[in-house]
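One-based numbering along the sequence shown.
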Amino acid sequence: MAEDLHIVSGDKTAQYHSLLPQIKGLLDGEPDLVANLANIAAALKEQFGWFWVGFYLVKQNELVLGPFQGPVACTRIQHGRGVCGSSWAQAKTLIVPDVEKFPGHIACSSLSRSEIVIPIIRNSEVVGVLDVDSEHLDHFDATDAKYLEEIIALINI
């Protein structure tokens, strides 16, 4: 198990290439879901310095807040509501360059300006989402989607 992350600078791709094997090391041999989600959120927050990084898990037909890094957050999100609920309903990654322009955006923090949400799909069913917020407009792109989807694939749910 890794105890410290090696934080690298450089372009986004280089940062993800450094982080992916470290996340694999954190998850290797650890069966506890909460511990693994917590370490993934912490690793992403440490490497990229994003405003908010966390997980919501599907429980009794709503998304319930799971492990996260950042300020306090919305605790429950309904299916189809906001970016997280929409990603869940559509079962696809959503990149939102400006959250103010997203219909039905749920403002857990007024400081959040852009967002990416990646669904966690197992056995053709969304079981949760990874939600990442930035205080900068247009912060996320296809590179983030690609590597965050790879990270999500590592989670054993």
Find the distance between [atom1] ([X]) and [atom2] ([Y]) and round it off to the nearest 0.5 Å.
X	Y	atom1	atom2	answer
Lys12	His139	NZ	NE2	6.0 Å
Glu62	Gln60	CD	CD	7.5 Å
Ile116	Ile95	CD1	CD1	4.5 Å
Ser18	Leu5	OG	CG	8.5 Å

Are side-chain heavy atoms of [X] and [Y] found at a separation under 4.5 Å?
X	Y	value
Asp133	Leu111	no
Leu44	Leu130	yes
Thr13	Thr143	yes
Val96	Ser114	no

Would you find a donor on one side and an acceptor on the other, under 3.5 Å apart, between the side chain of [X] and the backbone of [Y]?
X	Y	answer
Asp98	Glu100	yes
Lys45	Trp50	yes
Asn36	Asp32	yes

**Prompt:** Would Val64 end up clustered with Val126 when hydrophobic side chains under 4.5 Å apart are linked, directly or stepwise?
**Reply:**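 No, Val64 and Val126 fall in different hydrophobic clusters.
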
Note to self: Would you say Val34 ends up clustered with Leu57 if hydrophobic residues are merged whenever their side chains have heavy atoms under 4.5 Å apart, either directly or through other cluster members?
What the structure shows: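 Hydrophobic grouping puts Leu57 apart from Val34.
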
Candidate list Tyr56, Trp52, Phe55, test ring pair (Phe, Tyr, Trp, His ring centres under 6.0 Å), partner Phe68, passing option: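 Result for ring pair (Phe, Tyr, Trp, His ring centres under 6.0 Å) with Phe68: Trp52.
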
| field | Nearest non-hydrogen partners of Gln22 and Asp4, listed with the distance | value |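 Looking at all heavy atoms of both residues, the shortest contact is OE1-O, 4.2 Å.
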
Work out which heavy atom in Ile152 is nearest to a heavy atom in Arg122; give both atom names and the distance.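 So the two residues come closest at O-NH2, 2.7 Å.
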
Query raised in the report: Hey, which of Asn39, Ile40, Leu37 is the one that makes side-chain contact (heavy atoms from CB on, under 4.5 Å) with Leu27?
Result: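 That would be Ile40; it is the only one of Asn39, Ile40, Leu37 passing the side-chain contact (heavy atoms from CB on, under 4.5 Å) with Leu27.
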
message: Strictly by ring-ring contact (aromatic ring centres under 6.0 Å, His included), give each pair with a member in residues 16-47 just once, sequence neighbours left out.
response: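 Matches after skipping sequence neighbours: Tyr16-Phe48, Tyr16-Tyr147, His17-Tyr147.
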
